[in-house]
Amino acid sequence: MYKLFVHEDAEADLEQLWTDCPTAAADIQVFLEEVPEDQDLLDRLTQHGFGDRDRDDINVSKWWEQWKKGNDLWRLKIWSLERQGLRYRIIYAFVPKKRHYYVLAITHRDFDYDVGHELTQRILRALDGL
């Protein structure tokens with residue numbers, strides 16, 4: 001059975017998003033509340049490329065640079081937000097042996113995935129703490 005957990009850093013991101021963009025915060029909050037009840041959808045969170053814009057609610061991608069370094073990190077976008085021009089990403093890790101997903105960050109699409117970026121460093125620290 002898959003399980004989803006939201007790291008305290010991501011909880012803080014979501015709290016800030018309620019101030020910055022309540023519409024995005026609401027959609028993300030609903031997703032985070034509903035996805036743990038859907039084992040099929042949880043399984044899809046590790047299927048790179050899952051999520052057709054016209055058919056599915058989300059799109060999933062590996063964070064390739066981190067994958068090349070052995071870090072099982074992913075990013076997810078919610079199509080309903082994209083259609084509204086609200087481009088936010090949920091960054092999460094997967095721990096296969098436990099079948100656990102950990103949401104580590106919620107950020108705007110403009111996030112710089114570079115290893116030197118402050119948010120990337122925060123995500124990597126959280127990943128190390130899992």
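As the structure is a prediction and not an experimental result, all values here were calculated from the model.
- For His7 and Tyr102, the distance between ring centers is not under 6.0 angstrom.
- Atoms CG and NE2, on Leu119 and His108 in that order, are 13.0 Å from each other to the nearest 0.5 Å.
- Annotation: the span from Arg87 atom CZ to Asp110 atom CG amounts to 9.5 Å, rounded to 0.5 Å.
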Next item on the list: Step by step, work out the ring-ring contact (aromatic ring centres under 6.0 Å, His included) result for Phe94 and Tyr101.
Entry: CA-CA 5 Å; Phe94 181 60; Tyr101 293 94; 4.5 Å; yes
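- In terms of the ring pair (Phe, Tyr, Trp, His ring centres under 6.0 Å) criterion, residue partners of Trp67 (sequence neighbours excluded) are, by chain and number, Trp74.
- In this structure, Phe111 has its ring center closer than 6.0 angstrom to the ring center of His117.
- For Gln121 (side chain) and Val115 (main-chain N/O), a donor-acceptor pair under 3.5 Å exists by modelled atom type.
- Scanning both residues, Leu42 and Val35, for their nearest heavy atoms gives CG-O, 3.5 Å.
- Among Asp9, Val6, Ile28, the one residue that satisfies the side-chain contact (heavy atoms from CB on, under 4.5 Å) test with Leu14 is Ile28.
- The shortest distance between side-chain heavy atoms of Tyr2 and Pro36 does not fall below 4.5 Å.
- Side-chain contact between Met1 and Arg99: absent, with no pair of heavy atoms (C-beta onward) separated by less than 4.5 Å.
- Cluster membership check: Leu4 shares its hydrophobic cluster with Leu76, using side-chain heavy-atom separations under 4.5 Å among Ile, Leu, Val, Met, Phe, Trp and Tyr.
- Between Ser80 and Asp57, the closest side-chain pair of non-hydrogen atoms is not below 4.5 Å.
- Rounding to the nearest 0.5 Å gives a distance of 14.5 Å between CD of Glu11 and CD of Gln16.
- When side chains are defined from C-beta on, Phe5 counts as touching His100, because their heavy atoms get closer than 4.5 Å.
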Listing, residues 122-130 side-chain donor-acceptor contacts under 3.5 Å, not counting sequence neighbours, or none:
{"from": "Arg122", "atom 1": "NH1", "to": "Asp13", "atom 2": "OD1", "distance (Å)": "2.9"}
{"from": "Arg122", "atom 1": "NH2", "to": "Asp13", "atom 2": "OD2", "distance (Å)": "2.6"}
{"from": "Arg122", "atom 1": "NH2", "to": "Leu104", "atom 2": "O", "distance (Å)": "3.1"}

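- Counting heavy atoms from C-beta outward, Ile58 and Lys77 have side chains that stay 4.5 Å or more apart.
- Considering only heavy atoms from C-beta on, Tyr92 comes within 4.5 Å of Val60 through its side chain.
- Hydrophobic cluster membership is shared by Leu32 and Leu86, with clusters built from Ile, Leu, Val, Met, Phe, Trp and Tyr side chains linked at under 4.5 angstrom.
- With a 4.5 Å cut-off on side-chain heavy atoms, Ile91 and Val103 do not count as touching.
- Looking at every heavy atom in both residues, Trp18 comes nearest to Ala25 through CD2-CB, 3.4 Å.
- Looking only at atom types and distance, the side chain of Arg89 has no donor-acceptor partner in the side chain of Thr107 under 3.5 Å away.
- To the nearest 0.5 Å, the span separating CH2 on Trp63 from CG on Leu73 amounts to 6.0 Å.
- From Arg75, atom CZ reaches atom OH of Tyr113 across 6.0 Å, with rounding to the nearest 0.5 Å.
- Residues Ala10 and Ala105 come closest through the heavy atom pair CB-N, 3.7 Å.
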Next item on the list: Check the pair Ile90 / Ile78 against side chain to side chain contact (heavy atoms under 4.5 Å, CB included), numbers first and verdict last.
Entry: CA-CA 9 Å; Ile90 298 172; Ile78 299 174; 4.3 Å; yes
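- In this structure, CG in Asp112 is found 6.5 Å from OG1 in Thr120, a value given to the nearest 0.5 Å.
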Kindly list each side-chain donor-acceptor pair under 3.5 angstrom involving residues 46-53, sequence neighbours excluded, with atom names and distances?
{"from": "Thr46", "atom 1": "OG1", "to": "Asp43", "atom 2": "O", "distance (Å)": "3.2"}
{"from": "Gln47", "atom 1": "OE1", "to": "Arg44", "atom 2": "NH1", "distance (Å)": "3.2"}
{"from": "His48", "atom 1": "ND1", "to": "Lys62", "atom 2": "N", "distance (Å)": "2.9"}
{"from": "Asp52", "atom 1": "OD2", "to": "Asp54", "atom 2": "N", "distance (Å)": "2.9"}
{"from": "Asp52", "atom 1": "OD2", "to": "Arg55", "atom 2": "N", "distance (Å)": "3.2"}

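- Using a 4.5 Å heavy-atom threshold, the side chains of Phe31 and Leu41 count as touching.
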